[in-house]
Novice: 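The structure is given below, and queries will be raised subsequently.
Each residue takes its place number in the sequence, starting with 1.
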Amino acid sequence: MSPGEQFDPDYYVKWRPPLIPPGQGRRVIRIAIFILSGMLMVMAAVILWRSNLIALPGGRGVIVGQVIAPAEGAVVFTLANPTEIPVAADGRFTIPDVPSGRQMLYVGFSGTAWEIAVDVPNQGMVDVGIISVETTAETIRER
């Protein structure tokens, strides 16, 4: 506002947004909305494909293996089945009813946990083999 002009208090009351003439700009907006919605659908499909939600209707499988630990007390579990399953005296374990697809197997021992990626087949069994578990921390020695 220049120094000689008067302020119109009704300026904002009288102001109206500019009208877009029919056909101008609306086509661009429609194309942008169409492209963005297509990108959103592709992103949603990729996220759904990479998640375990697609594997759930496909079926379930079993994870078996053996944990070798310096002492007894190791447990195994997955996030799909968070119930801790203690390993047997010889270290063998079986986790039934795990959703098929990519799962993370957690081995807990002495306050620490290890994770192993496992691809569980539909209506099948996967053997993760022998898992060697040992702590690397040394005990504190008093003088």
Side-chain angles (χ1 to χ4, degrees), residues 1-140:
M1 185 185 290
S2 60
E5 289 183 56
Q6 289 285 335
F7 177 72
D8 183 10
D10 293 331
Y11 173 78
Y12 293 105
V13 176
K14 294 184 223 173
W15 184 84
R16 298 283 181 247
L19 292 175
I20 299 174
Q24 286 186 349
R26 292 182 181 180
R27 182 172 185 228
V28 173
I29 291 173
R30 285 187 190 127
I31 291 172
I33 290 173
F34 180 74
I35 290 172
L36 289 175
S37 63
M39 289 173 51
L40 183 64
M41 301 250 316
V42 168
M43 288 173 34
V46 167
I47 290 170
L48 184 63
W49 180 259
R50 296 188 74 189
S51 73
N52 286 333
L53 294 177
I54 288 184
L56 289 176
R60 298 188 171 282
V62 177
I63 300 175
V64 297
Q66 183 176 7
V67 175
I68 298 177
E72 290 185 20
V75 294
V76 291
F77 62 93
T78 62
L79 292 181
N81 184 4
T83 305
E84 293 181 351
I85 298 173
V87 298
D90 63 350
R92 297 193 186 278
F93 66 88
T94 301
I95 304 176
D97 202 32
V98 179
S100 61
R102 189 137 183 108
Q103 300 291 333
M104 293 304 289
L105 172 68
Y106 295 94
V107 179
F109 175 73
S110 187
T112 0
W114 292 263
E115 62 183 15
I116 300 143
V118 179
D119 289 320
V120 180
N122 183 12
Q123 301 298 324
M125 179 186 314
V126 63
D127 187 355
V128 293
I130 297 175
I131 302 168
S132 179
V133 175
E134 59 184 74
T135 58
T136 57
E138 294 182 20
T139 57
I140 299 175

Novice: With side-chain contact (heavy atoms from CB on, under 4.5 Å) as the test, would you mind laying out the steps for Val67 and Trp114 before giving the verdict?
Specialist: CA-CA 11 Å; Val67 175; Trp114 292 263; over 6 Å; no
Novice: What is the distance from atom CZ of Arg92 to atom CD1 of Ile68, rounded to the nearest 0.5 Å?
Specialist: 9.5 Å
Novice: Is the shortest heavy-atom distance from the side chain of Val76 to the side chain of Ile63 under 4.5 Å?
Specialist: no
Novice: Please identify which of these residues, Val62, Val118, Leu105, meets the side-chain contact (heavy atoms from CB on, under 4.5 Å) condition with Ile95.
Specialist: Leu105
Novice: Please tell me if the side chains of Pro121 and Val126 come closer than 4.5 Å, counting only heavy atoms from C-beta onward.
Specialist: yes
Novice: More than 12 heavy atoms of other residues, nucleotides or ligands under 6.0 Å from CE of Met104: yes or no?
Specialist: yes
Novice: Let me confirm one number: the CD1-OG1 distance from Ile85 to Thr78, rounded to the nearest 0.5 Å.
Specialist: 7.5 Å
Novice: Do you know which two heavy atoms are closest between Phe93 and Val87, and how far apart they sit?
Specialist: CB-CG1, 4.0 Å
Novice: Which residues pass the side chain to side chain donor-acceptor pair (under 3.5 Å) test with Asp10, sequence neighbours left out?
Specialist: none
Novice: Does the side chain of Ile131 come within less than 4.5 Å of Phe109's, by heavy atoms?
Specialist: no
Novice: Treating Gln66 as the side-chain partner and Asp90 as the backbone partner, does any N or O pair qualify as donor plus acceptor under 3.5 Å?
Specialist: yes
Novice: Determine whether Tyr106 and Leu79 make a side-chain contact, defined as any pair of heavy atoms from C-beta on separated by less than 4.5 Å.
Specialist: yes
Novice: So how far is it from Thr94 OG1 to Asp127 CG, rounded to the nearest 0.5 Å?
Specialist: 9.5 Å
